[in-house]
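In this chain, residues are counted from 1 in sequence order.
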Amino acid sequence: MVMPSDWSARWTTAWRFGRTLVGCAVRDLGEVDVLSSVPVRRFTWRTDQWHRPGLGYLVSTDRHHGFESFEEELLLLAADFSGSLVEALAQPFRLRFQSVNGNVEHIPDYLLLTDDTPWLIDVRPSARIEPEDEVKFAAAAEAALVAGWNYAVVSGWRDHVVGLIDTLSAGRRHLTDPLLLQDQLLLAAEDGPQSFGTLVARCSLEAVARAHTIHLLWHRRLGLQISGPLTDASTIRLPLSRRPAIGSW
């Protein structure tokens, strides 16, 4: 990258608002009304393309969001599961900057707005990251720093995370509970940490209680150690905000 002293004024971004494309210097990113923007580049679907685009529903925003690969879909699910996601903006802007080889353009994959600091994120499997990609990622990181955002490149996931998030995501949507199984689960969890299998066995209908346990885990009404896959041996507990006082354990 070429970064003279006034690089943040020379580097530019392009945002789309409806059909209008608006330019903005990197130094002024904090002034952009990002919530009013739309993807700067359209998602495309063709029968002959090798990647797998689609639309994924997020509980956090209560609507569907576009993704261009399984890796991007998983990122959206992980962000939804984080409990802090406010908005997910795909293909948010086009960054133009100078490198030793001339002008370069890069479109980050997502700008995730959270309860805390926003995250600008690129998604690329580690085996597919080329030297020119590393230059683009470094430039995106510098732009994010100026804007006061976090930046990350998601290059892969631990094997158990993929299965765990996929399992928990099945319990995202609203569940009717005529048997009051959720109350039974939360009451049983007040006895302290216990295995998933033990917890659901204490309910009046174990098979259905399993689905409600996953729902409560997704919505943070029950807690889970996520260092491994979800099995009957996984330890389930109340989150800190719901645990009884120490003297009552």
Requested in this report: Find out whether Glu142 and Phe97 are in side-chain contact, i.e. whether some heavy atom of one side chain is under 4.5 Å from a heavy atom of the other.
Outcome: no

**Report entry** Flag side-chain contact, heavy atom, 4.5 Å: Ser84 against Asp116
**Finding:** no

Query raised in the report: Between Tyr151 and Trp119, does the ring centre distance come in under 6.0 Å?
Result: no

Query raised in the report: Does CZ belonging to Arg158 count more than 12 external heavy atoms closer than 6.0 Å?
Result: no

**Report entry** hydrophobic_cluster_shared for Leu168 and Leu199, side chain cutoff 4.5 Å
**Finding:** yes

Query raised in the report: Taking atom types as modelled, is there a side-chain donor on Asp122 or His106 under 3.5 Å from an acceptor on the other?
Result: yes

Query - Between OG on residue Ser155 and CD1 on residue Ile129, distance to nearest 0.5 Å - result: 5.0 Å

Query raised in the report: Does any donor atom in the side chain of Ser204 or Gln184 lie under 3.5 Å from an acceptor atom in the other side chain?
Result: yes

Query - Nearest-0.5 Å distance, CH2 of residue Trp15 to OG of residue Ser37 - result: 5.5 Å

Report task. Answer yes or no: is there a donor N or O on one side and an acceptor on the other, between the side chain of Arg27 and the main chain of Ala9, under 3.5 Å? Result -> no

**Report entry** Close side-chain approach of Leu185 and Cys203, heavy atoms under 4.5 Å
**Finding:** yes

Query raised in the report: Which atoms form the tightest heavy-atom contact between Pro4 and Arg10, and what is the distance?
Result: CG-NH1, 3.9 Å

Report task. Kindly indicate, with the supporting measurements, whether the criterion side-chain contact (heavy atoms from CB on, under 4.5 Å) is fulfilled by Phe67 and Val123. Result -> CA-CA 10 Å; Phe67 57 83; Val123 181; over 6 Å; no

Query raised in the report: Do the side chains of Val154 and Glu71 get nearer than 4.5 Å, heavy atoms only?
Result: no

Query raised in the report: Any link between Leu180 and Leu186 through a network of hydrophobic side chains (Ile, Leu, Val, Met, Phe, Trp, Tyr) touching at under 4.5 Å?
Result: no

Query raised in the report: Leu111 and Leu145: same hydrophobic cluster, using ILVMFWY side-chain contacts below 4.5 Å?
Result: no

Report summary line: Between the OG1 atom in Thr167 and the CH2 atom in Trp218, the distance rounded to the nearest 0.5 Å is 11.0 Å

Query - Smallest separation among heavy atoms of Thr213 and Phe196, with atom names - result: CG2-CE1, 3.4 Å

**Report entry** Lys136 and Glu132: CA distance, side-chain angles, deciding distance, salt bridge (charged side-chain N to carboxylate O under 4.0 Å, His left out) verdict
**Finding:** CA-CA 6 Å; Lys136 293 176 180 179; Glu132 56 267 29; over 6 Å; no

Report task. Please test Glu190 against Leu238 for side-chain contact (heavy atoms from CB on, under 4.5 Å), starting from the C-alpha separation and ending with a verdict. Result -> CA-CA 7 Å; Glu190 289 184 0; Leu238 289 176; 3.6 Å; yes

**Report entry** Any donor-acceptor N/O pair, Ser99 side chain to Val135 backbone, under 3.5 Å
**Finding:** no

Query raised in the report: Which heavy atom of Pro92 sits nearest a heavy atom of Pro108, and at what distance?
Result: CD-O, 3.3 Å

Report task. May I ask you to establish whether Arg172 and Phe81 are in a cation-pi arrangement, using a distance under 6.0 Å from NZ or CZ to the six-membered ring centre and at most 45° from the ring axis? Result -> no

Report task. With Arg173 as the cation and Tyr57 as the aromatic partner, state whether NZ or CZ is under 6.0 Å from the six-membered ring centre and within 45° of the axis. Result -> yes

**Report entry** Criterion side-chain contact (heavy atoms from CB on, under 4.5 Å) against His212, the qualifying member of Leu222, Leu205, Asp183, Leu181
**Finding:** Leu181

Report task. Assign the ring pair Trp11 / Trp7 to parallel, tilted or perpendicular, where the plane angle (0 to 90°) is split at 30° and 60°. Result -> perpendicular

Report task. Answer with yes or no whether the side chains of Arg221 and Gln182 bring together a donor and an acceptor at under 3.5 Å. Result -> yes

Query raised in the report: Where do His65 and Ala88 come nearest, in terms of heavy atoms and distance?
Result: ND1-O, 3.1 Å

Query raised in the report: Within the side chain of Glu73, is there an N or O that forms a donor-acceptor pair under 3.5 Å with the backbone of Ser69?
Result: no

Query raised in the report: Do Gln91 and Arg16 have side-chain atoms, one donor and one acceptor, less than 3.5 Å apart?
Result: no

Query raised in the report: Taking a hydrophobic cluster as the set of Ile, Leu, Val, Met, Phe, Trp and Tyr residues connected by side-chain heavy atoms closer than 4.5 Å, whether directly or through intermediates, do Val26 and Ile107 fall within one such cluster?
Result: no

Requested in this report: Dump the intermediate steps for side-chain contact (heavy atoms from CB on, under 4.5 Å) on Leu224 and Leu164, then the final yes or no.
Outcome: CA-CA 11 Å; Leu224 168 70; Leu164 181 61; 4.0 Å; yes

Query raised in the report: Under a 4.0 Å N-O cut-off, is there an ion pair linking Asp191 with Arg237?
Result: no

Query - Spacing of Asp109 atom CG and Leu89 atom CG [to the nearest 0.5 Å] - result: 13.0 Å

Query - Short side-chain to backbone donor-acceptor contact, His64 and Leu55, under 3.5 Å - result: no

Query raised in the report: So, Thr198 side chain and Gln194 main chain: donor-acceptor pair closer than 3.5 Å or not?
Result: no

Report task. Could you grab the distance from atom OG of Ser234 to atom CG of Leu230, nearest 0.5 Å is fine? Result -> 4.5 Å

Query - Min side-chain heavy-atom separation Leu217-Ile236 under 4.5 Å - result: yes

Query raised in the report: Hey, is the main chain of Val86 close enough, under 3.5 Å, to the side chain of Ser60 for a donor-acceptor pair?
Result: no

Query raised in the report: Do side-chain atoms of Asp133 reach the backbone of Glu130 as a donor and acceptor pair under 3.5 angstrom?
Result: yes

Report task. Side-chain contact test, heavy atoms from C-beta onward, threshold under 4.5 Å: evaluate it for Leu74 versus Val162 and give yes or no. Result -> yes

Query raised in the report: Taking all non-hydrogen atoms of both residues, which atom of Gly66 and which atom of Ala90 are closest, and how far apart?
Result: O-CB, 4.1 Å

**Report entry** Minimum-distance pair of heavy atoms, taken over all atoms of Leu120 and Ala144
**Finding:** CD2-CB, 4.1 Å

Report task. Compute both the distance and the angle, then confirm whether Arg124 meets the cation-pi test with Phe137: under 6.0 Å from the six-membered ring centre, within 45 degrees of the axis. Result -> no

Query - Non-hydrogen side-chain atoms of Val22 and Thr20 separated by less than 4.5 Å - result: yes

Query raised in the report: What do you reckon, is CG of Asp33 surrounded by more than 12 foreign heavy atoms closer than 6.0 Å?
Result: yes

Report summary line: Separation between CD1 (Ile121) and CD (Glu72), nearest 0.5 Å, reads 10.5 Å

**Report entry** 4.5 Å side-chain heavy-atom contact, Glu87 and Leu35
**Finding:** yes

Report task. State plainly whether one hydrophobic cluster holds both Phe70 and Leu77, where clusters connect Ile, Leu, Val, Met, Phe, Trp and Tyr through side-chain heavy atoms under 4.5 angstrom apart. Result -> yes

